[in-house]
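Okay, so here's the structure we're looking at.
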Number of protein chains: 2
Amino acid sequence: MTSDHLSNTFAALADPTRRAILAKLASGEASVTQLAEPFEMSMPAISKHLKVLERAGLIARGREAQWRPCRLEPAPLKQVAGWVEHYRQFWEQSFDRLEDYLRELKTNESRNHESRFKERKNAGKQRKK
Amino acid sequence: MTSDHLSNTFAALADPTRRAILAKLASGEASVTQLAEPFEMSMPAISKHLKVLERAGLIARGREAQWRPCRLEPAPLKQVAGWVEHYRQFWEQSFDRLEDYLRELKTNESRNHESRFKERKNAGKQRKK
DNA sequence: ACCGTATTAAACCTTTTGGTTAAGTAACCG
DNA sequence: CGGTTACTTAACCAAAAGGTTTAATACGGT
């Protein structure tokens, strides 16, 4: 357990069963048995998945007689959204960048082609600890 | 190797070293040595991290003499953003939902209380509280 | 007090992950 | 050519992940 919140969240989301559980919880609370129903998996396996989701803060569990109702806790998802938002420019500008690339091809196709990495060679050589 | 694209993406993101690599690539292409520089980790370890990122489609690698320049590939990040967007309502409406809950408590506290779990089994049991 | 239902815990197994060191490949450079 | 630089592959290891089966716990109904 990384004790790094975002890593725990991503790790919890890196499993289709757990994401399906979250999707189901998006339409309301559910008991463990209800959540387990779509899967061909033993109950303890589901129980473990729920524990992973709980440790990541993605769900909270209550007590209701012998049932343990689960509900979605959106805070870590908000954090994920915030993290990925930093990269939005990269997919929104990708078409522009394709255009840039095509334009560069056109203007450079006869010149010799020494574009992007030549300054890095020198930098690497200078650095010598 | 899940062959599930989104799972691979989340798994790749569930490591602080790999996220730091992506952050660095956000400011431009970089060689493996440059990417490795901030970490107290062997080169093969970095190489493995890059392979994970590459298999997830989060980076692409070129060839430039003896360097292997890496660049960010935003498509999977876009997919993540799309996935998490489905849950936006849950963190934006959380205050409203608290209000809903309080209102529900007020109006339901004398009626019998079969709201959330009634479809499960026998609704006739009375909750004590 | 007992039985059934819901759920978790324990013990175990296999595969994956994340790191290591040591060796291999590939390109440049003098 | 031979050496240096940049990087990957191989072999190995410990720990974590994801599943199993069996057993334990908690509660409600009769």
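What you see below is based on every heavy atom in this structure, not just the backbone, and it leaves out hydrogens, waters and symmetry mates.
Hydrophobic clustering of Ile, Leu, Val, Met, Phe, Trp and Tyr side chains at less than 4.5 Å, counting indirect connections, keeps B:L6 apart from B:V52. One hydrophobic cluster holds both B:L35 and A:Y87 under the rule that ILVMFWY side chains link at heavy-atom gaps under 4.5 Å.
For A:T33 and C:dA6, the shortest distance from a side-chain N or O to OP1 or OP2 is not below 4.0 Å. Note on A:K51: a side-chain N or O is less than 4.0 Å away from OP1 or OP2 of C:dA9. The phosphate of C:dG19 has neither OP1 nor OP2 within less than 4.0 Å of any side-chain N or O from B:S42.
For residues 71-90 of chain A, the salt bridge (charged side-chain N to carboxylate O under 4.0 Å, His left out) pairs, not counting sequence neighbours, are A:R71-A:E73, A:E85-A:R88, A:R88-A:E92.
Looking at the side chain of B:K48, the nearest of the listed nucleotides D:dT8, D:dC12, C:dT8 is D:dC12. Of all nucleotides listed (D:dC27, D:dT20, C:dG19), D:dC27 comes nearest to the side chain of A:Q66. Comparing C:dA26, C:dA6, C:dT20 by their nearest atom to the side chain of B:R63 picks out C:dA26. Here C:dA27 is the nucleotide among C:dA27, D:dG28, C:dT7 with the atom lying nearest to any side-chain atom of B:A65. In the set D:dG19, C:dG4, C:dT7, C:dT7 carries the atom at the smallest distance from any side-chain atom of A:M43. Closest to the side chain of B:R61, out of C:dG19, C:dT7, D:dT8, is D:dT8. Of the listed nucleotides (D:dC27, D:dT8, C:dT20), C:dT20 has the atom at the smallest distance from the side chain of B:A45.
Inter-residue side-chain proximity for A:F39 and A:I46 is flagged as met; some heavy-atom pair is nearer than 4.5 Å. No side-chain heavy atom of A:F90 sits under 4.5 Å from any side-chain heavy atom of B:L77. No side-chain heavy atom of B:R68 sits less than 4.5 Å from a side-chain heavy atom of B:L50.
Interface residues of residues 16-24 of chain B facing DNA chain D, ordered by number: none; criterion, heavy-atom separation under 4.0 Å.
Distance A:M41 CE to C:dT8 C1': 17 Å, rounded to the nearest Å. The CZ-C1' distance, from A:F39 to D:dG18, rounds to 14 Å in whole Å. Distance, A:R68 CZ to C:dT5 C1': 15 Å, rounded to whole Å. For the pair A:H49 NE2 and D:dG19 C1', the computed distance is 8 Å after rounding to whole Å. Atom CD in A:E40 sits about 15 Å away from atom C1' in D:dT20, given to the nearest Å. If you measure from atom CG of A:D4 to atom C1' of C:dG18, you get 15 Å, rounded to the nearest angstrom. Rounded to a whole Å, the CG atom of B:D15 is 13 Å from the C1' atom of D:dA16. Whole-Å rounding puts the A:W67 CH2 to D:dT25 C1' distance at 16 Å.
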What donor-acceptor contacts under 3.5 angstrom involve side-chain atoms of residues 15-27 of chain B, with partners at least two apart or in another chain?
from: B:D15; atom 1: OD1; to: B:T17; atom 2: N; distance (Å): 2.8
from: B:D15; atom 1: OD1; to: B:R18; atom 2: N; distance (Å): 3.2
from: B:R18; atom 1: NE; to: B:A12; atom 2: O; distance (Å): 2.7
from: B:R18; atom 1: NH1; to: B:H49; atom 2: ND1; distance (Å): 3.1
from: B:R18; atom 1: NH2; to: B:A11; atom 2: O; distance (Å): 3.1
from: B:R19; atom 1: NH1; to: A:S7; atom 2: OG; distance (Å): 3.0
from: B:R19; atom 1: NH1; to: B:L13; atom 2: O; distance (Å): 2.7
from: B:R19; atom 1: NH2; to: A:D4; atom 2: OD2; distance (Å): 2.9
from: B:R19; atom 1: NH2; to: A:S7; atom 2: OG; distance (Å): 3.1
from: B:K24; atom 1: NZ; to: B:Q34; atom 2: O; distance (Å): 3.1
from: B:S27; atom 1: OG; to: B:K24; atom 2: O; distance (Å): 2.9

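Of the residues near DNA chain D, A:A11 and B:P44, the one whose nearest nucleotide (by heavy atom distance) lies more toward the 5' end is B:P44.
Between B:A56 and B:H5, the shortest heavy-atom contact is O-NE2, 3.8 Å.
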